[in-house]
Amino acid sequence: MSVQVLTLLGSTGSIGVSTLDVVARHPERFRIFALAGHTQTARLAEQCAVHRPRYAVVAGESEAAELRRLIAQQNSTTEVLHGAQALCDVAAAPEVTGVMAAIVGAAGLAPTLAAAAAGKTVFLANKETLVMSGRLFMDTARQNHARILPVDSEHNAVYQVLPRDFNGDLDTHGIDSIVLTASGGPFLDTDLRDFDHITPAQAVKHPNWSMGQKISVDSATMMNKGLELIEAHWLFHCPPERLEAVIHPQSVIHSMVRYRDGSVLAQMGVPDMRTPIAYCLGLSERIASGAAKLDFATLGALTFRQPDFQRFPCLKLAYDAMHAGGFAPCVLNAANEAAVAAFLRGQIRFSDIARSVEHALAHIPAGEPDSIDALVAADTQTRRLTEAFISSRLICFNTQDRT
């Protein structure tokens, strides 16, 4: 059994922490080459003490200085790097066999693309990479023989129930459609009249999953499911009209594949990201993840409902962007990131997130994204446009708060 040499992009986030938990259960299988933790120097130092990576990467010089100080106290040999280029370097290093791409948002695009260009096995947990650069990323992976394994629980579930010889042709394998499940988030039954008064603290309390703030808000708006639909479109070569989303509040069935003969194959399990992580890391063998067993005796009912676009306008906007193609998914993602950040700062209302994204989608650049520079330019332009729109909303927001 050969040892996998791993770089973890986003090691201090929830996916990174879960990955290291799985890795620690199988020390004979894995060696950590690099950990990247942005600004969480204390947690990153703790991870370095346990896993002894060759490199640790943080955002800037001040974080690097702090991390070096902490690592020196451990008498560790880990070398500290910083900046965007360092992320790309540790993702593409010759020693590395696999890269866990778990940096949240557009910041994960460049190093994930670098891993694909270097022909690595990419454990893809950064959905924004495919949302922003779907065709470019998949072409890069194919041309450089990179292996893309989906870590998101929904896409991992689909991957598990597809035929082992799936070649991207749905019809050849008798596949009718792909169904992604969604929990519906914390506001599934909240009165729509209360949406303007939802607070960031309420929005980040997901009923089933333990996630970071941004993805928790995305789950509450169902933008997360919209981004996942776009990701599935590229991962599984699935036309938008053959992609479905269904609300399943219990988060036990993680996704399904409908077959032509009427069969529906589903992957089930407790809501624990260590399951899809272990599945990807262990292929083609199933390894222990540490996740609890699904107890059918205490499970109770599994329920489903169709998503309501009035309640979840962000999901409709994502469908629209997927159908539009071109730069539209990149614009969708950038506007959403800017709007969610503003909401978490308390600058706009929960319902303003969708309004901000809708405004941005009315200003999509023409043409097709054929380079990372074009995508970065569109991302930057959209963020500026969205921030200007948000600034105009602030006048109304603050005035109404005083009345």
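In what follows, residues are counted from 1 in the order of the sequence shown. All heavy atoms count here, side chains included; hydrogens, waters and symmetry mates do not.
Remark: side-chain polar atoms of His248 are not paired, donor with acceptor, to backbone N or O of Ala182 under 3.5 angstrom. Under the 3.5 Å distance criterion, the side-chain polar atoms of Ser263 are left unmatched by any main-chain donor or acceptor of Tyr259. Judged by distance alone, with hydrogens and angles left aside, the side-chain atoms of Gln250 form a donor-acceptor pair with the main-chain N or O of Thr303 at under 3.5 Å. Within the 3.5 Å criterion, the main-chain N or O of Phe389 finds a donor-acceptor partner in the side chain of Ser392. Between the side chain of Thr7 and the backbone N or O of Val90 there is at least one donor-acceptor pair closer than 3.5 Å. A donor-acceptor contact shorter than 3.5 Å links the side chain of Asn167 to the backbone of Asp169. Checking side-chain atoms of Thr181 against main-chain N and O of His254 turns up a donor-acceptor pair under 3.5 Å. Remark: side-chain polar atoms of Ser133 are paired, donor with acceptor, to backbone N or O of Thr129 under 3.5 angstrom. In this structure, the side chain of Glu337 does not engage the main chain of Ala334 through any donor-acceptor pair within 3.5 Å. In terms of modelled atom types and a separation under 3.5 Å, the side chain of Asn144 and the main chain of Thr140 share a donor-acceptor contact.
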Between Leu265 and Gln160, does a side chain to side chain contact (heavy atoms under 4.5 Å, CB included) hold up when you go through it step by step? CA-CA 10 Å; Leu265 300 188; Gln160 291 197 42; over 6 Å; no
Report the C-alpha separation of Glu154 and Lys127 in whole Å, then their side-chain angles, then the decisive distance to 0.1 Å, and conclude whether the salt bridge (charged side-chain N to carboxylate O under 4.0 Å, His left out) test is met. CA-CA 11 Å; Glu154 296 81 0; Lys127 61 179 61 66; over 6 Å; no
Quick one, Phe236 with His155, criterion side chain to side chain contact (heavy atoms under 4.5 Å, CB included). Give me CA distance, side-chain angles, the key distance, then yes/no. CA-CA 9 Å; Phe236 307 118; His155 304 94; 4.1 Å; yes
Decide yes or no on salt bridge (charged side-chain N to carboxylate O under 4.0 Å, His left out) for Lys225 and Glu228, but give the supporting numbers first. CA-CA 5 Å; Lys225 201 55 48 183; Glu228 288 173 358; 2.5 Å; yes
Salt bridge (charged side-chain N to carboxylate O under 4.0 Å, His left out) between Glu66 and Arg69, intermediate numbers included: CA-CA 5 Å; Glu66 172 63 12; Arg69 183 186 69 79; 2.7 Å; yes
Side chain to side chain contact (heavy atoms under 4.5 Å, CB included) assessment of Leu44 paired with Gln47: CA-CA 5 Å; Leu44 188 55; Gln47 292 177 340; 3.7 Å; yes
Start with the C-alpha distance between Leu281 and Arg29, add both sets of side-chain angles, then the distance that settles side chain to side chain contact (heavy atoms under 4.5 Å, CB included), and finish with yes or no. CA-CA 9 Å; Leu281 290 177; Arg29 288 177 172 269; over 6 Å; no
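Closest approach of Gly168 to His237, counting heavy atoms only: O-CB, 3.3 Å. Taking all atoms of both residues into account, the shortest heavy-atom contact from Asp218 to Thr221 is O-OG1, 3.2 Å. In this structure, Val23 and Phe30 approach most closely via the heavy-atom pair CG1-CB, 3.8 Å. Taking each heavy atom of Pro111 and Ala91 in turn, the nearest pair found is O-CB, 3.4 Å. Residues Ala354 and Leu317 approach most closely at O-CD1, 3.5 Å, considering heavy atoms. Heavy atoms only, all atoms of each residue included: Leu20 and Ser11 are closest at CD1-O, 4.4 Å.
With rounding to the nearest 0.5 Å, the separation of CD1 in Ile372 from CG in Leu109 is 4.0 Å. The CG atom of Asn126 sits 9.0 Å away from the CZ atom of Phe137 when rounded to the nearest 0.5 Å. The line from OG1 of Thr112 to CD of Glu128 is 9.5 Å long, rounded to the nearest 0.5 Å. Here the straight-line distance linking atom CG of Leu67 with atom SG of Cys48 works out to 5.5 Å at 0.5 Å rounding. Considering CD1 of Ile15 and CD1 of Ile103, their distance stands at 13.0 Å, rounded to 0.5 Å. One distance of note links OG of Ser18 with CG of Asp272; it measures 6.5 Å at 0.5 Å rounding.
Proximity of Val331 to Pro365: side-chain heavy atoms (C-beta onward) are separated by under 4.5 Å at one or more points. For the pair Asn156 and Cys280, the minimum side-chain heavy-atom distance is below 4.5 Å. Under the 4.5 Å side-chain criterion, counting only non-hydrogen atoms from C-beta, Met223 is not in contact with Ile353. You'll find the side chain of Leu8 stays beyond 4.5 Å of the side chain of His51, heavy atoms only. Two residues are said to be in side-chain contact when any heavy atoms from C-beta on lie closer than 4.5 Å; Glu231 and Leu180 fail this criterion. Within the 4.5 Å cutoff, no side-chain heavy atoms of His173 are placed close to those of Leu162. Counting heavy atoms from C-beta on, the side chains of Val204 and Leu344 come closer than 4.5 Å. Taking 4.5 Å as the limit, every side-chain heavy atom of Thr382 sits out of range of all side-chain heavy atoms of Phe327.
Checking Ser371 against Asp373 by side-chain atom types alone, no donor-acceptor pair falls below 3.5 Å. Judged by distance alone, the side chains of His38 and Gln40 never bring a donor and an acceptor atom under 3.5 Å apart. A side-chain donor from one of Asp89 and Gln85 sits under 3.5 Å from a side-chain acceptor of the other.
Classification of the His359-His363 ring pair by plane angle, with boundaries at 30° and 60°, yields tilted. Between Phe343 and Phe350, the ring planes lie perpendicular to each other; the angle is over 60°, past the 30° to 60° tilted range.
Counted within 6.0 Å of CD on Gln310, heavy atoms from surrounding residues, nucleotides or ligands total 12 or fewer; the atom is thus considered open. Within 6.0 Å of the CZ atom in Arg52, the count of heavy atoms belonging to other residues, nucleotides or ligands exceeds 12. For Glu61, the CD atom counts as loosely surrounded, since its 6.0 Å shell holds 12 or fewer non-hydrogen atoms of other residues, nucleotides or ligands.
Just one of Ile348, Asn336, Leu361, Val340 meets the side-chain contact (heavy atoms from CB on, under 4.5 Å) condition when paired with Ser356; it is Ile348.
A cation-pi arrangement is present between Arg164 and Tyr159, with the terminal nitrogen or guanidinium carbon under 6.0 Å from the aromatic centre and inside a 45° cone about the axis.
Residues forming a side chain to side chain donor-acceptor pair (under 3.5 Å) with Arg311 (at least two apart in sequence, or on another chain): none.
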